[in-house]
Each structure stands twice: as C-alpha cells, then as structure tokens.
Amino acid sequence: MAAAAVVDGAELILSVPDDVLALISAHLLPRDLLALSAASRRLHAALSAADKPWLAQCRRLLRSSLSHVLAWRAAAGGSSLVVCRFLHSVAPLRGLWAHQNPELGNLVAGLPGFFSLVAVRAIPQELSPRLLWAPVFEILADAHGHPTLLFLHGHHPGSLFPGLLAPLSPHANTLLLEAHAAVPSSHASQFPRLSFGNRRRLLDALVASCRLTLPPELAAAPLFACSDEDLPVLAARREAMLRLHRDSGGGMVGRPELEALLHGAKNILPLPTLDSAGDKVRLRRSLSAMACRVRNGLRQMVARSASANSRPQYAESKHLPLDEFLRAGEGVGLSLRGARMRLSTYRAWPSMPDNRFALYKLTTQTPMPGREYAGLWGGTFGWPPGRPEDECKLGKALFILLLSYEEDSEGKLLLIATKVLEGSHYVVHPNGSSMFVVRVGEPSTEAFPWITEEDSGSVDIERSFAGEGIANGYGFRYPGSKPGSLFVLQDGRLAFLWRDNKSVLTLQRLDLEELLRKGERVPALPPIPNFAYLTKSYSNVFAVIHGSSSCSSSNSQVKGMTKDPGLG
C-alpha cells in the first residue's frame, strides 16, 4: 500500500482564506504571528504581504472603532503590519505613571493618539463633569512603525520640543528624560553620570534652543480622536509634526551654540518682579533653583573633602564633567529612555528618588475571581456621594485611588487603596499613602449608617470587610490609622467608613482613558517641570501656573468640603 502523503503544515496554513486567518489571528499575540512567520520562508512572505491578520491585531491592540484603525493604517502608508509594529513597540509606555511630587498627585497616563502615543497628566481637581488634563509628551512612529520621534509639550499649546526615543526595555518601570550627544542607546547613556545641577542646566538649555511651533490652525487641534470628524485634522497635525521634526534635525542643538548658552546662564539668575501671581511662582522657582545650586555646590565640596584620602579612581568616577559629555558629539538633543530599574515598593507605591527627571510605572492589577476590586477607582468624601452630573454636588475634592491586592507576612490577603490623586486645595496626606487597608478574609460586624441615598431609594449592601483607614500620625510623612470597614454596594460602588467619626469615602470604578478622551485640555507647565516636577509642593501647582479658575479650589470651596478623617 502506498505511503500516506505527508501534509505540509505551512501549506495547510497558506490554504486558509484570509478572512478565516484574520479571525484566528485576533486571538493570538503579535509575537505568535511573528513566530509563525519565522517558521518558513513561504510563511514569512505570505504573512508579510497579508493585511487582514495584522489588521485584526491592530483592532485588538488599539481597542477602537474600525474607522479609527483604518485612519491609522492610511497614515502608515496602507500597512497594518507597520501599525501593529508601532502598537506592540510602545506597549511598555501605556498605562499609569507617577511621581512623588507634588504631594497632591502627579498621575500621567499613556494612551493612543493618532498613529502615536500621547502621555497626559490628570490635573488635581474638584468633582466636575469633565476631567481636566494637560499633555506631557508624544511619541510618533517613523515610516517603518518604529517609535523613535519624541515631542515634549510646554506651556503654550502650539509649542513642541523635539527629541528621540531611546530603545525601550520591554518591562520598563522608569521613564527618564535625558540628553544625548550621540544616537541614544538603552545601554550606553552617559547622562546619568552628570551631576544633578549639570543635568538640570543641560536640559533647560536644550528646551530653550530647540523649541518648535505648530501652525496656528493646528495649535488647538486635538491630540486623540473623540469622533470620526477629528481624524482629518489629526492626520494634518501629524504630518506637520513629522515635517517639523525632520527640518529641525530631530531637535539636535550644535555644541558651540549650547556651550555659549550654558556659559551665559551659568552665573546669571535674574529675579523677576512681582507683578502677578505667576511672577510670584517664578520667583519661588528662581529661589528654589538658587538654593539647589548652593546645595549642589556644598555637596561637591563635601565630596571633594571626603575623597581627599580615598582612592583616586573613585574620586574621578564620581561625576562626569559636562564638557566631556558635550565632546561626545557635534550636537546634543533631548531623549526619553524607558528602563527597568530596581525599585523598592511599599504597599504598591514605588520609592522615587528626587534627583532624577523621571516618571515611575504604577502596576495596575487585573480584576479576577477573589480579587474583584483591583484597578483604578475614584470618588469623594461625604454622604450622599458626589456625582459629576449633579451640579448641586460639585465642589467636593475628587480622589483617585489605585486598589491592589497583597499578602501580609502571615499570608492573609489584603486590599490596599493607594492615593494617586487628590483634588483638595492643600494636601492632607502624602502622595502614595494607603487611604485604607482591609482584610479580605475578615467580614465586618459594623452596620452601614445610611439606609437611603438622595432620590435613589434604599442602599443595599452586598458584603463588607474589616480594616483600617488613614488618620493623623507622627507628622505629615508618617500617617497613622483608625479602624473602619469597607462596604460593597449592590450597584458596584465601594464605601469605606471610619468607625469613630463616621467619615465615608465612596468610590466607583474609573475608565481613565475614556475620561481623558472626553475631558478638557488645560495649559501645561514649562517642558522640564511638566515632565518631572521635582520641587516639593503641597498645593496644586498645576492649577496655579496656568491660572485656570476651573482647576483651582478657593478657600471658601475647601471650607465647604466634608472633613477628611485625618484632620481628627
């Protein structure tokens, strides 16, 4: 009997219709398709030429309407593979990023723009129908879909500061704003070897020299599409940004120009007059910068003194001289580097050094059975809780919390609510504080004190947990805790109740990306502090700078807020 014919696996896959292959690929990861294309030359050629499988991947990764995906594909020269490559490459930048300063909260979200990734900051604010945000940076794709083109945002909507994106670590937990004197590299960055004062001076000099301006008709264009009507202007804006980046040489500043600027600014620090609130803020910044220079000078003196009797090679490797850094190339430019660094964490909040121009990744857990409440939540103090659509309930500070699960030393499961944004006029508890911690395996014996809600009928409680809520402790930096209970309401909301004073914090789950898309853009800070605000602050600096009345809270509004449990 004749031997059975051996069926070629590649031939079997190639015989599948494109529509069927697209349906199958929608359930695969991009790396699975790449592994399949590497199995044979015929599969590689077929998958490289096919568009529908990669289009299905784009729809899965972008999570947007087909019209938006097709507009991205048109901007990529008609190639879904190029779009998929970009989305897969920038995946480490998506999600939530934060910094310790200011203490009210510094929450940045990376989300898709238009064939780009846009990072925007949620502004601390009171409860309102629209979430306020300001742009921080954008990453654009090159012609091959590689995320290489960087733009920082500044105070004026049409101002852009170009640079390059260094190779990203797939598991990046730190975003570092740096300068490069050659092609940026993830493993050969010399910028961190400069002293903090020289790093600040160099970044300030670069943004003063490389500023670009969008055409007036595009300065107020949206950064991401809220509807199909936004797509044409977004495409025009992207083309203009690509042209500006190309014509500026990627934002590279010649070494002679940069050296002259650094030399001229080295010993000159003008003090502005106090003609307005903005001038007062700039004066505080100038004084803070002067104090920083004095402090860095003292540190260098102490370091030289301490190293006088130490090994010479250690003293020489302490900091890289600025002129040596500049000599590495004919020009210097801005760069953004996503690195995987060893960071210690306490209750889901990473430790954040204050001498790096950096943002730090917040780990967002995925809800699953037994850990249903993981994720981002937002709400207000007081009962009945505030509602964005209810004008009578506006004026309450909006709190955004990151809920995550963690096991204690005894292996018991805890639910931890970490504060990532607070809309008060003046901060009460540190950024990253645990607003409450509950023991998932311990039901509460407390009763919920309210049985009805305004115009909403009765309040039904599904379950409750015992725990502790934040309270005054040993100064601002070390808050204490008081007993309380977390109640799960039938409509899916959560309410944490402090036992002693009956203060209540009511939360509902947030889709931050959707809120930002439907929110309101406000002016940003100047580009360097807009990326990483390193000055210790306890008030809403993002509202003070641009002076928007919609973002700031007056003292009279704060007095009308429900009392925070930490105030005793």
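Heavy atoms only: backbone and side chains are in, while hydrogens, waters and symmetry mates are out.
- The side-chain hydrogen bond (donor to acceptor under 3.5 Å, both in side chains) pairs that include a residue from residues 81-96 number zero, where partners must be two or more places apart or lie in different chains.
- Without hydrogens or angle criteria, S351 side chain to S344 main chain gives a donor-acceptor distance under 3.5 Å.
- The side-chain contact (heavy atoms from CB on, under 4.5 Å) search around R60 returns L29, P30, Q57, not counting sequence neighbours.
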Next item on the list: May I have the step-by-step check of salt bridge (Lys or Arg N to Asp or Glu O under 4.0 Å) for E513 and R517, ending in yes or no?
Entry: CA-CA 6 Å; E513 183 171 318; R517 291 185 181 278; 3.6 Å; yes
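- In this structure, L149 CG and L165 CG are separated by 9.0 Å, a value rounded to the nearest 0.5 Å.
- Under a 3.5 Å cut-off, the side chain of Q100 and the backbone N or O of N431 do form a donor-acceptor pair.
- Applying the salt bridge (Lys or Arg N to Asp or Glu O under 4.0 Å) test to R199 and every residue at least two apart in sequence or in another chain returns nothing.
- Not counting sequence neighbours, the partners of E514 by the salt bridge (Lys or Arg N to Asp or Glu O under 4.0 Å) test are K518.
- Proximity of a side-chain donor or acceptor of N198 to a complementary backbone N or O of L194 within less than 3.5 Å is not detected.
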Item checked: Worked verdict on L175 versus L336 for side chain to side chain contact (heavy atoms under 4.5 Å, CB included) -> CA-CA 7 Å; L175 271 182; L336 187 64; 4.1 Å; yes
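- Looking at R121 and N530, their side chains come closer than 4.5 Å, going by heavy atoms from C-beta outward.
- Legend: residues meeting salt bridge (Lys or Arg N to Asp or Glu O under 4.0 Å) with R327, ordered by chain and number and at least two apart, are D323.
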Report all side-chain donor-acceptor pairs from residues 204-214 shorter than 3.5 Å, counting only partners two or more places apart or in another chain.
residue	atom	partner	partner atom	Å
S209	OG	A205	O	2.9
R211	NE	S159	OG	3.1
R211	NH2	S159	OG	2.9

Note to self: Let's go through R493 and L507 carefully: what are the C-alpha distance in whole Å and the side-chain angles of both, what is the deciding distance for side chain to side chain contact (heavy atoms under 4.5 Å, CB included) to 0.1 Å, and is it a yes or a no?
What the structure shows: CA-CA 6 Å; R493 289 178 296 169; L507 304 169; over 6 Å; no
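- Atom OH of residue Y346 and atom CD1 of residue I416 lie 8.0 Å apart, to the nearest 0.5 angstrom.
- Of the possible polar contacts, one joining the R340 side chain to the H171 backbone as a donor-acceptor pair under 3.5 Å is found.
- Sorted by first and then second residue, the salt bridge (Lys or Arg N to Asp or Glu O under 4.0 Å) pairs involving residues 355-380 (not counting sequence neighbours) form an empty list.
- Of the inter-residue distances, the one linking R238 atom CZ with W72 atom CH2 reads 9.5 Å to the nearest 0.5 angstrom.
- Annotation for V108 and A119: closest pair CG1-CB, 3.9 Å, computed over non-hydrogen atoms.
- For residues 99-110, the pairs satisfying salt bridge (Lys or Arg N to Asp or Glu O under 4.0 Å) are E103-R477, E103-K536, with sequence neighbours left out.
- Side-chain N/O atoms of H99 and D354 include no donor and acceptor closer than 3.5 Å.
- Residues meeting the side-chain contact (heavy atoms from CB on, under 4.5 Å) test with L415, sequence neighbours left out: Y373, L403, Y405, V438, V440, L486.
- Between L505 and L401 there is a side-chain heavy-atom pair separated by less than 4.5 Å.
- P367 meets the side-chain contact (heavy atoms from CB on, under 4.5 Å) test with R509; sequence neighbours excluded.
- The main-chain N or O of A76 is never found under 3.5 Å from a side-chain atom of S79 such that the two would form a donor-acceptor pair.
- For the atom pair CG of L203 and CD1 of I528, the computed distance is 4.5 Å after rounding to the nearest 0.5 Å.
- Aromatic ring orientation, F325 versus F191: perpendicular (interplanar angle above 60°, classes split at 30° and 60°).
- With Q508 contributing its side chain and G379 its backbone, the two residues share no donor-acceptor pair below 3.5 Å.
- Shown here are the salt bridge (Lys or Arg N to Asp or Glu O under 4.0 Å) partners of R237, two or more places apart in sequence or in another chain: E138.
- Residues passing the side-chain contact (heavy atoms from CB on, under 4.5 Å) test with E217 are P215, sequence neighbours excluded.
- Nearest heavy atoms, P192 versus E178: CG-OE2, 3.5 Å.
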